[in-house]
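Order of appearance sets the numbers: ligands from 1, and atoms from 1 within every ligand.
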Amino acid sequence: MTGSGPPRGSGRRRVWTRRFAVTVALILAVPVVLGVTVGFFELNPVAAELLTPVGYDAHLLLEPFPDDSLVVEIAYQASAGPPPASAVSTLLSRINETCEKASITVDEHEIGSTATSFTVNGLLSLEEQTRQHWPVPGVMSLFYLYLDAAYGPESDVIGLAYRGSSSAIFEGTIVGDSFLTDAAAVTTTVMIHEFGHELGLVGIIGNAPNEDHAHPPHSDDLNDVMYWEVDTTGISVLGQTPPTNFDAADLSDLNTVKGTPIWTELLPWAVLATCLIAAALIVRSDLRTRYPRPPPS
Ligand SMILES: [Zn+2]
């Protein structure tokens, strides 16, 4: 038997086979599924935040997007707090001056712990048990443990930013130091100082010309809240009313922080770009298979 028509399959081919479409769709679905799972369903936010290094939440704190609201949570031991109202109000003033948020709320609450000494692991454990506000899409949070306790590894420490949105104030050490006669003033300064570290100061995120390289990540300006002795009882060298302001150099540094990429924020974009490139390569390969270049004549 002979046939006179064109051989089967030699006519116009379908551009999109089912297998091809499914492959491309699966690749493009990867970033969507990851984004929905991690973002919308807030997959394991506690563990994620407890792993975030200090300064790595700076953009979430400073920028109005993706979080246009901020909750300041202060969890205090009964024998220590709550912190002085003047300290909280001055902290809020500095937050308003630096962070572009439509709303800022404060949640202060007592915690049951009566421990008198903490390591970083102890702080992390206590935070996991007591923190009520974790960063979620749309709402950033800043957490303080306000403790009638000391920092075990270094007894002169009065404040410690230990994770991207988590700080501890060792009020027990402040009140117990005979040189720090105005505890409220010192508490105010150290709360703002640790907030400054969470914003990526000084030199944690980006290059800071005013960083004191003998005492990173701090400033050597005695009139700056980011002065290097503020973290410890050495703050007494600043007198009874230590600074509560970010100086002009710090404010300039914050512009650098805003413009500096933070690698953890780039990960989703890297996943998206990889998937788009993979899909593009598959499309190109498929088109070359279907429409091979004619041999040179
Ligand atoms: Zn410091």
May I have the step-by-step check of side chain to side chain donor-acceptor pair (under 3.5 Å) for His218 and Asp231, ending in yes or no?
CA-CA 10 Å; His218 294 103; Asp231 282 321; 2.7 Å; yes
With the Zn ion (ligand 1) as the apex, the NE2/NE2 angle for His218 and His197 - to 10°
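Vertex at the Zn ion (ligand 1): approximately 100°.
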From the Zn ion (ligand 1) out to just under 2.8 Å, does an N/O/S atom of Asp231 turn up?
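Yes, Asp231 qualifies, because one of its backbone or side-chain N, O or S atoms lies under 2.8 Å.
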Are there over 12 heavy-atom neighbours, none belonging to Glu128, within less than 6.0 Å of that residue's CD?
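12 or below, so no.
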Which atom of His193 approaches the Zn ion (ligand 1) most closely (N/O/S):
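Checking each N, O and S atom of His193, the shortest distance to the Zn ion (ligand 1) belongs to NE2.
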If hydrophobic clusters are built from ILVMFWY residues whose side chains come within less than 4.5 Å, do Val120 and Phe118 share one?
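Yes, Val120 connects to Phe118 through the hydrophobic network.
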Salt bridge check: are Glu63 and Lys101 linked by an N-O gap of less than 4.0 Å?
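A salt bridge is absent here (no side-chain N lies under 4.0 Å from a carboxylate O).
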